[in-house]
Number of protein chains: 2
Amino acid sequence: MTSQPASGPGPGSAIDAVSKAIIEQLQEDGRRSYAAIGKAVGLSEAAVRQRVQKLTDSGVMQIVAVTDPMQLGFSRQAMLGIKADAGLLAVSDEIAAIPQVSYCLVTAGSFDILAEVVCENDDDLMLLVGRIRSIPGVRSTETFMYLSLRKQEYNWGTR
Amino acid sequence: MTSQPASGPGPGSAIDAVSKAIIEQLQEDGRRSYAAIGKAVGLSEAAVRQRVQKLTDSGVMQIVAVTDPMQLGFSRQAMLGIKADAGLLAVSDEIAAIPQVSYCLVTAGSFDILAEVVCENDDDLMLLVGRIRSIPGVRSTETFMYLSLRKQEYNWGTR
DNA sequence: AGTGAAACGACCGTAGA
DNA sequence: TCTACGGTCGTTTCACT
């Protein structure tokens, strides 16, 4: 049992090498034209468009703008390691519902939940941690302030 | 400093409400046409295009395909909490250089470095952890296996 | 599922307020 | 920095394979 965003891959929809090549093109530039992609992967423009449609509809891929929080004035980022004692999914979903939480997942290890938060300043962060600590089921939190981002990639699964 | 190679906001380039509105449009759909965005934010197509160009050139935003690793056969994901004793930036960059590492940052807290890794299976993950442990300067690693992803957002800073 | 062709719409450079 | 405009290229639809 895992979380499926919108819809799973249909029975007869294998992701072959050509589709992976298309995804790679779009990971380099999400606005690259279907014609240019077609030239690169050896397919007609219409065929590329159909495949991209399927890939996005099935949730395998999405083409979106990704921003740098620092340059937008959100200079305090942190990962929170959270220990909880009951109803892990319910607790994690309550945390996920907080706007400043950009990333939230249930883990196996000495933390039960990891949550990444994006804040404008230290006050916001402090209030946010307090809010999360007060959620029923949360036993403790540990804050890992981001000092230096060294790598951030979105091309998972096509290397 | 007067000129930056490829990143950093220029001196007179404030990110105003209109640019944020443009970013929001592209966070919903990275392929939305400049004309449609212009209609939504009250600007001409050419003006939207110029602003998008600046935003991407300065690194504030990038338009890319984001994939779901699970659906691409990469079913083992984990966050590694790493303790290191010297040359934190050098160590973190060495870790960041590993292909399976999708996210790597230096933190303040009981871990010095956090690294997210994406693997096809348990064997890959095991080898990877061994490799990271053998990097000079790495004292210890702790693995947090991903069990259930509850939230993953890319619209940082425009909420 | 893929191709090809024609109508349409988007994109890009340039010029100008 | 924005608007306006024309040439070019990309996208869309449809008939066909």
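Naming convention: chains lettered A, B, ... in sequence-line order (proteins, then strands); numbering from 1 in each chain. Here the structure is a predicted model, which is why all the values come from computation and not from measurement.
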- Check the distance between C/dA10's P and B/Gln50's CD and give it to me in whole angstrom. 18 Å
- Whole-Å distance, A/Gln53 CD to C/dA1 C1', equals 15 Å
- Message: Any heavy-atom pair between the side chains of B/Leu128 and B/Cys119 that's under 4.5 Å?
- Response: yes
- Query: To the nearest Å, how far apart are B/Asp16 CG and D/dT1 P?
  - Reply: 10 Å
- Query: Just how far, in rounded Å, is P of C/dA1 from NZ of A/Lys54?
  - Reply: 4 Å
- Task: Inspect the contact between B/Lys83 and B/Asp112 and indicate whether a charged nitrogen and a carboxylate oxygen are less than 4.0 angstrom apart.
- Result: no
- Note on the structure: Given protein heavy atoms under 4.0 Å, the one-letter contact record of nucleotides 10-17 of chain D, with B base, S sugar-phosphate only and - none, is simply SSBB----
- Query: Taking atom C1' of C/dC11 as reference, at what distance in whole Å does atom CG of A/Asp29 sit?
  - Reply: 14 Å
- Query: Taking the six-membered ring of A/Tyr34, is the NZ or CZ of B/Arg31 close enough (under 6.0 Å from the centre) and on axis enough (within 45°)?
  - Reply: yes
- Query: Is any side-chain N of the basic residue among B/Arg76 and B/Asp124 closer than 4.0 Å to the acidic one's carboxylate O?
  - Reply: no
- Message: Just the rounded figure in Å: distance from P of D/dC2 to CG of B/Leu43.
- Response: 5 Å
- Item | Heavy-atom donor-acceptor pair, B/Thr107 side chain to B/Phe111 backbone, under 3.5 Å | yes
- Answer yes or no: is there a side-chain heavy-atom contact under 4.5 Å between B/Leu105 and B/Ile113? no
- Query: Once you round it to whole Å, what is the distance between P of C/dA1 and CZ of A/Arg51?
  - Reply: 9 Å
